[in-house]
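In what follows, residues are counted from 1 in the order of the sequence shown. Everything numeric in this text was worked out from a predicted model, so none of it was measured. Whatever order the structure lists ligands and atoms in, that order sets their numbers, starting from 1.
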Amino acid sequence: MTAETLHPGVVGDVELSLNGKHVKLPVYKGTESECGIDISQLHSKTSYVTLDPGLGNTGSCTSAITHIDGDQGILRHRGIPIEVLAEKSSFLETSHLLIYGKLPTRDELDSFAREISQHYGLPKRAKAIFDGFEEDAHPMAIMASKVVALSTYYPDCLQVDVKNSRLHIVRLIAKFITIAAHIYRKSKQKAFIDADPALGYVENFMRMMFADEAGKYVADPVIVRALDMIFTLHADHGQNCSTSTVRMTGSSQANIYAAIAAGICALWGPWHGGANQAVIEMLETIQQDGGDVRKFIQHVKDRKSGVRLMGFGHRIYKNFDPRAQILKKACDDVLGKLGVHDPCLDLAKKLEKVALEDEYFIERKLYPNVDFYSGIILRALGIPVNSFTVIFAIGRLPGWIAHWKEMLETPGLKIYRPRQIYVGPTLSRYIPIKDRT
Ligand SMILES: CC(C)(COP(=O)(O)OP(=O)(O)OC[C@H]1O[C@@H](n2cnc3c(N)ncnc32)[C@H](O)[C@@H]1OP(=O)(O)O)[C@@H](O)C(=O)NCCC(=O)NCCS
C-alpha cells in the first residue's frame with residue numbers, strides 16, 4: 001500500500017471551463033482507488049450545480065465504514081472481507097466493528113453483549129401501542145412506528161449528543177428484536193414472550209418469536225448460526241437508499257430513533273429491502289404457473305410487462321454480489337441440515353442459470369443480489385414471508401447506526417440539502433378561482 005492510499009485526501013485538481021470561466025476543482029482520493037471531484041464549491045464559483053438523478057454518480061460523503069467494488073464483487077467492512085466475517089465473526093461482533101470502528105477485544109464484546117441483554121424489554125405503554133394495529137398490518141409499518149415511538153420514552157435523545165449515544169445504541173439493538181418478535185406474535189394473536197437475558201442475541205430472538213405460551217423453545221444451533229450469518233451479511237452496504245435516508249434525516253439533528261425509523265421506511269420498498277419478500281412471491285407465482293422458467297424470463301424481457309426479475313440487479317454490483325454467493329451455498333447447507341426440501345430453491349437455481357446465460361441480463365450486467373437466496377433460507381428457518389424485510393432491518397441496524405454516528409462525528413457537518421434543476425412553469429399569473437376554466 002502506498003502512502004497515498006493510506007492517507008485519503010486531495011491529490012490534485014481538475015480544471016473545468018464553463019462559459020469562458022475556468023475553475024479548479026479538487027480531486028479527492030480514498031484509501032482504495034476511488035477518486036471523486038469535489039464539487040462543493042462549484043455553485044458558489046460558477047452558479048452551476050451537477051445533475052445526477054438517482055445519485056448513482058454522486059459521493060454524498062466520505063466514509064471509513066464499508067468498501068464496495070461492484071465490478072470485482074468485493075465487499076469489506078473496515079477492511080475485512082464479508083466472506084471472512086460471514087464465516088468467522090458473529091453479528092454482534094460485526095456490529096461492534098461497524099459502529100466503533102474496530103473488532104472488539106473479548107472484554108469489549110462481552111460488555112457490548114451484556115449491555116444489550118439489559119435492554120430487551122419495552123416500556124409498558126410501548127407494548128400497548130401494538131393494540132392499535134390490525135393483525136394483518138404490514139410488519140414494516142409497525143416496526144417504523146414502534147421505533148420512532150421509542151424516542152418518547154427516552155426524551156434525552158432529543159438533545160443529539162453522539163459522544164453519549166451508547167445507551168441509545170444498545171437500546172435500539174436490543175429492542176429491535178423484541179419489537180420484531182412482538183409484531184410476529186401479534187399477527188398470530190399469541191401472547192408476547194419476554195426476553196431471557198441469559199440467552200444469546202439470536203437465540204433470544206428465535207425464542208421470543210416461536211416459544212410456546214409457557215416460554216419453552218429449544219433453539220436449533222443450525223438455525224441460530226444461519227440467522228446470525230444472515231444478519232451479518234446484511235449489516236452494512238455503504239450509501240444505499242435506507243442508509244442515505246438515515247444520514248439525511250439525522251443531518252437535521254433529528255434524534256437517533258427518528259433517523260432509524262426513516263431508514264426502516266426506506267428499506268420497506270420492493271426495489272430495496274422488500275425484494276426478499278418479492279423474490280419468494282415471484283418464485284411461488286412461477287411455480288403455480290407450472291414452473292416454466294424460460295417463459296417467465298421472456299415475460300421479464302418484454303419491456304411492456306413492467307416485470308423485473310426480483311433478486312437480480314444492483315446499482316453498484318455489475319458482477320456477482322458476494323453476499324449472494326455465500327447465501328446460495330448456505331441455502332444448500334441449511335436446507336440439507338434441516339432436512340427441508342423447498343421446490344423454490346430448485347426453481348431459483350434454474351432461474352439464475354437461464355438468466356445468466358441470457359443476452360438481456362448479460363448486456364445489462366444483472367447478477368443475483370443478496371435477496372435472491374436469502375428468502376429461501378428464511379422460510380426454511382420458519383420466518384414468515386411478510387417478516388423477511390424486518391429481518392433485513394434487524395441486520396442493517398448496525399450499519400445505519402454506524403453511518404449516523406460517523407456523520408455526526410464529521411467536523412463541519414452540514415444539513416443534507418441537494419439542489420434541483422427546476423423544470424416547471426416560469427413566473428405565472430394567479431387566476432382567481434371564479435375566473436378559472
Ligand atoms: C436493484 C435495482 C433497483 C437497481 O436498479 P438500477 O441500478 O437503477 O438499474 P436500472 O433500473 O437503471 O436498470 C438498468 C437496466 O437493467 C434493467 N433491469 C435492472 N434490474 C432488472 C431486473 N431485476 N429485472 C429485469 N430488468 C432489470 C432495467 O430495466 C434497465 O434496462 P434498460 O437499460 O433497457 O432500461 C434493480 O436492478 C431492480 O429493480 N432489481 C430488482 C429488485 C431487487 O432485487 N432489489 C434488491 C436490491 S439489493
Side-chain angles (χ1 to χ4, degrees), residues 51-60 66 68-71 73-75 82 140 230-245 263-286 293-328 331 344 347-348 350-378 385 388-393 395-396 399-400:
L51 181 62
D52 182 20
L55 306 178
N57 202 51
T58 294
S60 59
T66 288
I68 306 172
D69 182 329
D71 294 325
I74 288 174
L75 170 62
I82 191 66
M140 289 296 276
I230 287 180
F231 286 155
T232 303
L233 289 178
H234 286 84
D236 189 45
H237 212 234
Q239 307 308 315
N240 55 85
C241 177
S242 56
T243 303
S244 299
T245 303
I264 294 171
C265 291
L267 186 72
W268 189 359
W271 284 12
H272 190 9
N276 52 14
Q277 176 175 343
V279 169
I280 289 291
E281 287 163 357
M282 172 187 78
L283 292 171
E284 278 174 346
T285 309
I286 300 173
V293 164
R294 288 182 192 277
K295 188 171 132 202
F296 183 76
I297 292 287
Q298 279 311 117
H299 192 44
V300 170
K301 285 163 59 180
D302 172 7
R303 309 310 308 277
K304 281 181 257 123
S305 74
V307 174
R308 287 192 169 198
L309 178 54
M310 300 313 283
F312 255 68
H314 198 278
R315 173 60 62 78
I316 305 286
Y317 292 117
K318 301 303 167 194
N319 198 328
F320 270 95
D321 177 340
R323 302 165 303 169
Q325 289 186 306
I326 299 168
L327 282 168
K328 183 179 178 182
C331 252
C344 278
L347 210 53
K350 274 190 212 157
L351 206 52
E352 179 188 332
K353 187 168 183 306
V354 172
L356 291 179
E357 287 166 1
D358 192 293
E359 253 335 285
Y360 174 97
F361 295 88
I362 295 170
E363 252 174 36
R364 291 170 179 76
K365 299 185 175 165
L366 300 171
Y367 289 87
N369 60 46
V370 68
D371 295 307
F372 195 66
Y373 286 106
S374 62
I376 296 170
I377 302 187
L378 291 176
V385 176
F388 285 3
T389 317
V390 169
I391 298 292
F392 192 152
R396 183 53 54 85
W400 288 335

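- Nearest-residue assignment for atom 45 (N) of ligand 1 (options Tyr317, Trp271, Phe372; heavy-atom criterion): Trp271.
- For atom 31 (O) of ligand 1, the closest non-hydrogen atom on the protein side is Arg364 NE, 3.1 Å.
- Side-chain atoms of Thr285 come within 3.5 Å of backbone atoms of Glu281 as a donor-acceptor pair (strictly under, hydrogens ignored).
- Atom numbering of ligand 1 starts at 1 in the shown order; those under 4.0 Å from a heavy atom of Ala275 are 43 (C), 44 (O), 45 (N), 46 (C).
- The protein heavy-atom contact nearest to atom 18 (N) of ligand 1 is Leu366 CD1, 3.7 Å.
- Every atom of ligand 1 is numbered from 1 in the order shown, and the set under 4.0 Å from a heavy atom of His272 is 46 (C).
- Of the possible polar contacts, none joining the Asn276 side chain to the Ser374 backbone as a donor-acceptor pair under 3.5 Å is found.
- Residue contacts with ligand 1, taken as heavy atom pairs separated by less than 4.0 Å, involve Arg303 solely via side-chain atoms from C-beta onward.
- Nearest protein neighbour of atom 1 (C) of ligand 1, counting heavy atoms only, is Gly313 O, 3.7 Å.
- Looking only at protein heavy atoms, the nearest one to atom 47 (C) of ligand 1 is Asn369 ND2, 3.6 Å.
- Of the protein's non-hydrogen atoms, the one nearest atom 42 (C) of ligand 1 is Met310 CE, 3.5 Å.
- Checking only distances, Phe312 does come within under 3.5 Å of ligand 1, N or O to N or O.
- Residue contact check: Gly311 has heavy atoms under 4.0 Å from atoms 43 (C), 44 (O) of ligand 1.
- Shortest contact from atom 23 (N) of ligand 1 to any protein heavy atom: Leu309 O, 2.8 Å.
- The single protein non-hydrogen atom nearest to atom 11 (O) of ligand 1 is Arg308 NH2, 3.1 Å, given as residue, atom name and distance.
- Taking a cut-off of under 4.0 Å to the non-hydrogen atoms of Asp371, the atoms of ligand 1 that pass are 46 (C), 48 (S).
- Arg315 NE, 3.0 Å is the protein heavy atom nearest to atom 7 (O) of ligand 1.
- In this structure, Arg294 places its CZ atom where only 12 or fewer heavy-atom neighbours from other residues, nucleotides or ligands lie under 6.0 Å away.
- Atom 15 (C) of ligand 1 is flagged as protein-proximal [any protein heavy atom, distance under 4.0 Å].
- Any N or O atom pair closer than 3.5 Å counts here, and Val370 shares no such pair with ligand 1.
- Between Tyr367 and Phe320, the ring planes are tilted. Angles from 30° to 60° get that label.
- A donor-acceptor contact shorter than 3.5 Å links the side chain of Asp52 to the backbone of Thr58.
- In terms of modelled atom types and a separation under 3.5 Å, the side chain of Asn319 and the main chain of Gly73 share no donor-acceptor contact.
- Surrounding NZ of Lys318 are more than 12 heavy atoms belonging to other residues, nucleotides or ligands, all under 6.0 Å away.
- Counting heavy atoms under 4.0 Å from ligand 1, residue Val300 touches it through the side chain alone.
- Crowding of Asn57 atom CG: a count of heavy atoms from other residues, nucleotides or ligands under 6.0 Å not exceeding 12.
- Each of the following atoms of ligand 1 lies closer than 4.0 Å to a heavy atom of Tyr360: 17 (C), 25 (C), 26 (N), 27 (C), 29 (O).
- Because its NZ or CZ atom is not both nearer than 6.0 Å to the ring centre of Trp271 and within 45° of the ring axis, Arg315 does not count as a cation-pi partner of that residue.
- Between the His314 side chain and the Asp321 main chain, no donor and acceptor come within less than 3.5 Å of each other.
- By the 30° and 60° cut-offs, the orientation of the rings of Phe312 relative to Phe372 is perpendicular.
- No donor-acceptor pair closer than 3.5 Å links the side chain of Thr389 to the backbone N or O of Trp268.
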